[in-house]
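Notes to accompany the following structure.
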Amino acid sequence: MINIVVSKARLHLKHSFDRIKNEHVKKNLLQAIPFWIASVITGLLAVIYARLFLMAENLTTLIYKQHEWFLFILMPFCFVVAWWLVKRFAPYSRGSGIPQVAAAIEITGPKTDKKVDKLLSVKVILIKILSSLVLGIGGGAIGREGPTIQMAASVFKKINQLLPDWWPKVAKRNMIITGAAAGLAAAFNTPLGGIVFAIEELTKTHFSYFKTAIFSSVIIAGLTAQGILGPYLYLGYPKIGVLSGYIFLGVVLVAIISGLLGSGMSKVIWVILKWKSKFTLNKEHVLYLVSCSLILAGLAIFVNDIILGSGKDVMERVLFTSNKYSLWYEPLLRILGPTLSFTTGAAGGIFAPALGAGASVGSFVSSWFHLSDTNTNLVVLSGMVGFLTGVTRSPFTSAILVLEMTNQNNVIFHLILAGMVASLVSIIIDKHSLYDHLKVQYIRDLNEEELAQNAKDISEALPFKQTE
């Protein structure tokens, strides 16, 4: 029944467009429509996912406040279930999602559809949502932004697959890149950040080839999200008025520290993931998951619950309350939380946790010099840019994201400076970002799976050939 309806709709649409006499207009319009449809779906999906993610975090907070000892049961259970969902149903839905999108962009071609389907698909979307929500309920220090990007790229890819044969072809790579940009814009409400992210992080393609697609898709996805949530800033309007003349020194200092720490955290995560790749038994994974969850629960109960969650509450506290100075151990907790959560193998992003860690670093550095509120706010924002740059190696994306989250156009040069300094010093720890390492690993895994499947097919066919 559904197939009949879809077929009739396609036929009616074809007849409608056949009436357009200008072939150039017809082609441009037909090529634009898939982007627009996918953008609307992306905006709706981003809103639904954001609300579910917030509910998951609020549930964790409620449980912690009323029955904190229950975390020792809840967290191991959620960590194991979140990991199992990924392992059982969609292995490439694990982690952030950005490396998977980057890998899909790199390998997309006429003969790689099966590989790309493992990275971007409807199943990946469903498992990404379920796994990250379960991990979020369990107090995992993860974000929703990376997952939103992978889900958006999956939506754009699926829409492209559904186009009938007579439709003007749209490059798969361009659809995926545009989907990722629209996903980031909808997740953070940062349209410029989505565009810069597409240029800086995901592609080396000449931007002019598909700039209209990216611009329109980012705008539509963002407007769809705003239509439901209303105009909003991810963080708000921190007070940054009169700044000291020497504040550039503070920006550079916190950029160096946060860039090194962000790169260091990424390096540790990568080392742990390589070590875990040697696990051959499920019980080894489960033991690791239970250990991580118990460590997080113990630190949350006996030290500070700042270790739990995405870290947005940390950013809001240091930027918008009088409690601006973090204690010495808070940055360590905000680094340890994402490290243990991200290495579980469940779904979950690292964007927001990196921003939260950077905010705590900037807050702690500000306490050394007893900076004023406005100077502290700038140093905190610089720490956020620096830490995220250390993780992603995308200084301009990081600076634009933080700028749009807070609408502080007067400090754009400070934030770009922080991103560039952090990008330079992060090379000391590792020449490549965590995303680069993971992208290469995913491509290698896909190739090995293909070789193994080909070998299996050949071995199964041999007995029949010998019988003949």
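Numbers here are sequence positions counted from 1. Treat the numbers as computed from the prediction; the structure is a model and nothing was measured.
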Hey, could you give me each pair passing ring-ring contact (aromatic ring centres under 6.0 Å, His included) that has a residue in residues 92-150? Not counting sequence neighbours.
Tyr92-Tyr442
Looking only at non-hydrogen atoms, find the nearest pair between Thr60 and Gly139 and report the distance.
CG2-CA, 3.8 Å
Would you indicate whether the side-chain heavy atoms of Pro338 and Ile142 approach each other to under 4.5 Å?
no
So, the side chain of Asp436 versus the backbone of His432: is there a donor-acceptor pair under 3.5 Å, distance only?
no
When rounded to the nearest 0.5 angstrom, what is the spacing between CG in Leu296 and CD1 in Ile301?
11.0 Å
Are the side chains of Ile41 and Phe156 in touch, meaning some heavy atoms are under 4.5 Å apart?
no
Any salt bridge between Lys312 and Glu57, counting N to O under 4.0 Å?
no
As a quick check of understanding, evaluate side-chain contact (heavy atoms from CB on, under 4.5 Å) for His437 and Asp430, giving each step before the final call.
CA-CA 10 Å; His437 285 302; Asp430 195 335; 2.9 Å; yes
Counting distance only, does the side-chain N/O of Lys324 pair as donor-acceptor with the main-chain N or O of Asn377 below 3.5 Å?
no
Is Arg51 reaching over with its side chain to a backbone N or O of Ile48, donor-acceptor style, under 3.5 angstrom?
no
For Ile149 against Ala180, the heavy-atom pair lying closest together
CG2-CB, 3.7 Å
Determine yes or no for a side-chain-to-main-chain donor-acceptor pair under 3.5 angstrom, with Thr178 supplying the side chain and Met175 the backbone.
no
So NZ of Lys158 and CG of Leu163: to nearest 0.5 Å the spacing works out to 11.5 Å
Under the criterion side chain to side chain donor-acceptor pair (under 3.5 Å), which of Thr112, Asn160, Asp113 is the partner of Lys172?
Asp113
Gap between atom CD1 of Ile63 and atom CD1 of Ile137 - 0.5 Å precision:
7.5 Å
4.5 Å side-chain heavy-atom contact, Ile247 and Thr374
no
Apply the test side-chain contact (heavy atoms from CB on, under 4.5 Å) to residues Leu273 and Leu438: give CA-CA distance (whole Å), side-chain angles for both, the deciding distance (0.1 Å), then the verdict.
CA-CA 9 Å; Leu273 290 175; Leu438 290 173; 3.8 Å; yes
Indicate yes or no for a side-chain donor-acceptor contact from Ser131 to the backbone of Lys128 under 3.5 Å, with no hydrogens or angles considered.
no
CZ (Phe413) with more than 12 external heavy atoms under 6.0 Å
no
Could you grab the distance from atom OG1 of Thr42 to atom CD1 of Ile37, nearest 0.5 Å is fine?
11.5 Å
When you check the side-chain N and O atoms of Ser121 and Ser154, is any donor under 3.5 Å from an acceptor?
no
Test: salt bridge (Lys or Arg N to Asp or Glu O under 4.0 Å). Region: residues 246-255. Which pairs qualify, not counting sequence neighbours?
none
Please report the closest heavy-atom contact between Val380 and Ser363, naming both atoms and the distance.
CG2-N, 3.8 Å
Could you walk me through whether Phe89 and Leu85 satisfy the side-chain contact (heavy atoms from CB on, under 4.5 Å) test, starting with their C-alpha distance in whole Å, then the side-chain angles of each, then the deciding distance to 0.1 Å, before giving a yes or no?
CA-CA 6 Å; Phe89 297 105; Leu85 285 169; 4.2 Å; yes
Given Arg393, which of Ser423, Ser433, Ser263 fulfils the side chain to side chain donor-acceptor pair (under 3.5 Å) condition?
Ser263
Closest non-hydrogen atom pair, Ser341 against Ala141
OG-N, 2.8 Å
As an exercise, state the distance from CD1 of Ile105 to CD1 of Ile176, rounded to the nearest 0.5 Å.
6.5 Å
Taking the side chain as C-beta and beyond, is there a heavy-atom pair between Val155 and Met151 under 4.5 Å?
no
Does the side-chain contact (heavy atoms from CB on, under 4.5 Å) test come out yes or no for Ile429 and Leu260, once each step is laid out?
CA-CA 7 Å; Ile429 305 296; Leu260 290 172; 4.1 Å; yes
Using side-chain heavy atoms (C-beta onward) and a distance below 4.5 Å, is Leu355 in contact with Val314?
no
Taking Glu106 for its side chain and Val101 for its backbone only, find out whether a donor-acceptor pair lies under 3.5 Å.
no
Can you check whether Ile350 reaches Tyr435 side chain to side chain, under 4.5 Å on heavy atoms?
yes
Pairing of Glu330 and Arg317 as salt bridge, 4.0 angstrom limit:
yes
State which residues pass side chain to side chain donor-acceptor pair (under 3.5 Å) with Asp117; sequence neighbours excluded, sorted by chain then number.
Lys157, Gln161
Evaluate the side-chain proximity of Leu243 to Phe248: yes if any heavy-atom separation is below 4.5 Å, no if none is.
no
Do Asp373 and Lys239 make a side-chain contact, defined as non-hydrogen atoms from C-beta onward lying under 4.5 Å apart?
no
Any donor-acceptor N/O pair, Ser96 side chain to Gly349 backbone, under 3.5 Å
no
Shortest non-hydrogen contact from Ala359 to Val318?
CB-CG2, 4.1 Å
Examine distances only and state if a side-chain atom of Gln150 and a backbone atom of Pro147 form a donor-acceptor pair shorter than 3.5 Å.
no
Just list the side-chain donor-acceptor pairs under 3.5 Å for residues 364-371, sequence neighbours left out, or say none.
from: Ser366; atom 1: OG; to: Gly362; atom 2: O; distance (Å): 2.9
from: Ser367; atom 1: OG; to: Phe364; atom 2: O; distance (Å): 2.4

Would you call Arg334 and Asp305 a salt bridge, taking side-chain N to carboxylate O under 4.0 Å as the test?
no
Let me know which of Asn447, Thr108, Asp445 forms a side chain to side chain donor-acceptor pair (under 3.5 Å) with Lys115.
Asn447
At what distance, to the nearest 0.5 angstrom, does OG of Ser382 lie from CG of Leu415?
5.5 Å
Would you please classify the geometry between the His285 ring and the Trp83 ring as parallel, tilted or perpendicular, with 30° and 60° separating the classes?
parallel
Test of understanding: with side chain to side chain donor-acceptor pair (under 3.5 Å), list the residues that count as partners of Ser132, not counting sequence neighbours.
Tyr49
Phe387 and Met265: which non-hydrogen atoms are nearest, and at how many Å?
CE2-CE, 3.8 Å
Do Thr392 side-chain atoms and Ser394 backbone N/O form a donor-acceptor pair below 3.5 Å?
yes
Check the pair Asn375, Ser372 against side-chain hydrogen bond (donor to acceptor under 3.5 Å, both in side chains), reporting the backbone distance first and the verdict last.
CA-CA 5 Å; Asn375 286 326; Ser372 66; 3.1 Å; yes
Among residues two or more places apart or on two chains, list those pairs meeting ring-ring contact (aromatic ring centres under 6.0 Å, His included) that have a residue in residues 301-338.
Trp69-Phe302
